Protein chains: 4
Amino acid sequence: MPGMPESPNPQRRSEASRQAILGSALQLCAEVGYGRLTVEAIAAHAAVSKKTIYRWWPSKGAVVLEALDDTMTAVADHPNTGDLTADLCTQLSGVIELLTPPSRSAAVGLIAEALHDDALAQELRERIVRPRIANFEQRMRQAQADGELAADADLDVALDLIYGPIFHRLVLHLGMPDAAQLRSLVEHALRGISSPPATH
Amino acid sequence: MPGMPESPNPQRRSEASRQAILGSALQLCAEVGYGRLTVEAIAAHAAVSKKTIYRWWPSKGAVVLEALDDTMTAVADHPNTGDLTADLCTQLSGVIELLTPPSRSAAVGLIAEALHDDALAQELRERIVRPRIANFEQRMRQAQADGELAADADLDVALDLIYGPIFHRLVLHLGMPDAAQLRSLVEHALRGISSPPATH
Amino acid sequence: MPGMPESPNPQRRSEASRQAILGSALQLCAEVGYGRLTVEAIAAHAAVSKKTIYRWWPSKGAVVLEALDDTMTAVADHPNTGDLTADLCTQLSGVIELLTPPSRSAAVGLIAEALHDDALAQELRERIVRPRIANFEQRMRQAQADGELAADADLDVALDLIYGPIFHRLVLHLGMPDAAQLRSLVEHALRGISSPPATH
Amino acid sequence: MPGMPESPNPQRRSEASRQAILGSALQLCAEVGYGRLTVEAIAAHAAVSKKTIYRWWPSKGAVVLEALDDTMTAVADHPNTGDLTADLCTQLSGVIELLTPPSRSAAVGLIAEALHDDALAQELRERIVRPRIANFEQRMRQAQADGELAADADLDVALDLIYGPIFHRLVLHLGMPDAAQLRSLVEHALRGISSPPATH
DNA sequence: GACTAACCGAGACGGTACGTCTGGTCTTTAC
DNA sequence: GTAAAGACCAGACGTACCGTCTCGGTTAGTC
């Protein structure tokens, strides 16, 4: 029963207010950073009542998430040029851009907030993450069909090995990889999943 | 000149208060979660003046970081049984335990806060992360000496491939791997770094 | 443009909160004394946010002053039985009661605070003191019209001679006069002002 | 058993510290006003430990009282030129000077504090006020002997009528009298006490 | 001349209250 | 009946002083 907590009538909702709120959220997030972003400031900047925000979203995280979801549709999708390694590097570069710089990135702010807000975490996973994973798997299966990737490659492991390094570096503040490092990481990861590991 | 910002005289510092504060921080963090942890509550629980906390730490994040650092010394160090894969799994299990459950884990709270606090991020990296990386590299070099690992394996890539999956799953809320999945991940990762990838 | 510093909109003010705050202030003042009265305690006792107090009053003194003003309207007014001496004694007794005991009297606490808070002193004079002086002068002019008092008596001097002794005794802790002493003081004071002093 | 609470040995007391403390108290009081005067600031300004202050005085009020007592000895004593009215005006002018301006006067600060500190009030009365009253009565008795004042004049009433106006004006913030007003007040007061009032 | 008691400076400590800030709810008024 | 405006309760923030308490270092007075 998703969408349940909306008691007010969504049909009478002001689309103008919604747009103003989402836009203000992203803009302010870029200006002062997610941490210093407040519902108060969003309301003031969007010339909207705080009540209006709380009527439609449970928290500032939810606002930013919807804003991000809106702008991110069809962003960071996997290209398909026939060269899997290059395509993955391209897509990963897009993801890195989304997360840089961490202190001004709405996505990073959202990730941080979701770490102690289970409801937001769930929304983040279902609305933002899952679709990208699906898109990733689709591209990988294409690669298998094209013979670029072993047919028995474990796509779950692939996901972890390919995307892990970026988030590992993000949360431990080890610096994002440059293009060469990124390519090296992707190549090593692909090599790791190309066939089942030898068991002793 | 690290440690400089301490204007008060560290020699006259009350060790009892320090212990009470760090202990209370960890306990309350486990009880209510890092997000709902407050300096006020730490002070009350430790029977300590708020001033005493602010005298020695700049923020609640710094308190939790020091608490974590204290308790984590010699925790999560890399064992050496001669079986690299097993040892890595053992150590990774320890790390996973530290991060579970996310909403009650002090480490996860700290990670979240560091994402929008550059000073804290630096402290986190230097005091918590760097020593573990050094320990990891030491174990890996041992493995190379033992012939368990290719002598030319890139240890930076190894770090990303081995630890990446855990943090990837943490921040995108994909669930931590169980023992079998963990072993599979480690095996694939090790396979990925065992030799330079074939370039086409 | 008096009352200017109120930036919030006074029309939307909650009268219930105002009453609760003023009532709590007086009650707590009587219980613990003005010196130990805190804004924090007023807020807690009135079940009101501290912010609400600071929104409408600049200090605890201002709160107590308004509370006193509210309750004191039409209290300590000058009776008119046709016997000036008796009427003055009656009114002075009322004033003495307001100031007794000094350590529990809101009025005395206010007087003490106003001695080092110029803004409060001005409020005290204009809102509390001036109206009583006006009332006093009215009664005295009535006495002049009735022939009880010399028509050329200096009412400013009268004010000082009649009320001075009470405040003199209050601030130097010489004890308040009993009824007989009070009558004696009033009689001497009236005698002093009944005609211009002989100049040598 | 006065002087009892001094457990430390007064013989070993540092006179230099005592002087520094009393001097700093008066100076800071003049600079920032009694209300903003703190024990902390006195200690810092006198280059003295807070402990040393609390060892010898129970409160900041006691410090200021002693400082005042020290400097006020032989100040504000009653002159005797043979002209009672003039002498009283002279002495009253001295008192007024001590109380002006109220917000910077140590004496006024002390008066304010004593209004909610009974112990301080008692000290104030016994060490500062009583000696002045004795001195006043001595001068008045001299005037009676000289025939300047009726032999049966009530000196208690005289005290109230002569000093009352000043403290009345002080605490109700009505402004201090100028020389002419002061003389007028004194003349009226003296007239009031010159003989018992006519009773109807 | 060494001993020893205690006063001294310095300042960390447990506390209390301050006045400010933000979060999320509730009320009022205009459209 | 929805929305803007904004007052409200709640409570954490970081600061200022309070009065108490150790610390060494110094300075008497005693042996």
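These figures come from a predicted structure and were not determined experimentally.
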Colleague: Using a cut-off of less than 4.0 Å, is there contact between a side-chain N or O of Trp56(D) and OP1 or OP2 of dC8(E)?
Modeller: yes
Colleague: Verify the contact: side-chain N or O of Thr52(A) to OP1 or OP2 of dA3(F), cut-off strictly under 4.0 Å; return yes or no.
Modeller: no
Colleague: Going by atom types only, do Gln27(C) and Glu31(C) share a side-chain donor-acceptor pair under 3.5 Å?
Modeller: yes
Colleague: Name the one of Val48(A), Leu37(A), Leu26(A) that satisfies side chain to side chain contact (heavy atoms under 4.5 Å, CB included) with Ile42(A)?
Modeller: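 Result for side chain to side chain contact (heavy atoms under 4.5 Å, CB included) with Ile42(A): Leu37(A).
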Colleague: Please determine if a side-chain N or O atom of Trp57(D) lies less than 4.0 Å away from the OP1 or OP2 oxygen of dG19(F).
Modeller: no
Colleague: Have a look at Ala43(B) and say if it touches a base, only the backbone sugar-phosphate, or nothing, with a 4.0 Å heavy-atom cut-off.
Modeller: nothing
Colleague: Over how many whole Å does the gap from Asn9(D) atom CG to dT27(F) atom C1' extend?
Modeller: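 For the pair Asn9(D) CG and dT27(F) C1', the rounded distance is 13 Å.
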Colleague: Send over the distance from Arg18(C) CZ to dC8(F) C1', rounded to a whole Å.
Modeller: 17 Å
Colleague: Roughly, in whole Å, what's the span from CD1 in Ile42(B) to P in dG14(F)?
Modeller: 11 Å
Colleague: Enumerate the residue pairs fulfilling salt bridge (charged side-chain N to carboxylate O under 4.0 Å, His left out) with a member in residues 37-51 of chain C, sequence neighbours excluded, ordered by first and then second residue.
Modeller: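 Every salt bridge (charged side-chain N to carboxylate O under 4.0 Å, His left out) pair that includes a residue of residues 37-51 of chain C, provided the two are not neighbours, is Glu40(C)-Lys50(C).
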Colleague: Check whether Trp56(B) forms a cation-pi arrangement with Arg13(B) (NZ or CZ under 6.0 Å from the six-membered ring centre, at most 45° off the ring normal).
Modeller: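 Yes; both conditions hold, so Arg13(B) lies above the ring face of Trp56(B).
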Colleague: Rounding to an integer number of Å, can you tell me how far Ile53(B) CD1 sits from dA12(E) C1'?
Modeller: 14 Å
Colleague: Would you kindly give the CG-to-C1' distance between Asp117(D) and dG19(F), to the nearest whole Å?
Modeller: 15 Å
Colleague: How long is the line joining CZ of Arg13(D) and P of dG29(F), in whole Å?
Modeller: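 To the nearest whole Å, that distance equals 16 Å.
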Colleague: Measure CD1/Ile21(D) against P/dA10(E) and give the value in whole Å, please.
Modeller: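 Rounding to the nearest Å, CD1 of Ile21(D) and P of dA10(E) are 12 Å apart.
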Colleague: Which letter, B, S or -, goes with each nucleotide of nucleotides 23-31 of chain E from 5' to 3', with contact meaning a protein heavy atom under 4.0 Å?
Modeller: SBBBBB---
Colleague: Given 3.5 Å as the limit, does a donor-acceptor pair link the side chain of Lys60(A) with the main chain of Tyr34(A), or not?
Modeller: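 Present.
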Colleague: Is atom CZ of Arg36(A) surrounded by more than 12 heavy atoms (other residues, nucleotides or ligands) closer than 6.0 Å?
Modeller: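 Not buried by this count: 12 neighbours or fewer within 6.0 Å.
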Colleague: Tell me if the CD atom of Glu15(A) is crowded by more than 12 foreign heavy atoms within 6.0 Å.
Modeller: yes
Colleague: Roughly how many Å is it from CZ in Arg55(A) to C1' in dG6(F), rounded to a whole number?
Modeller: 14 Å
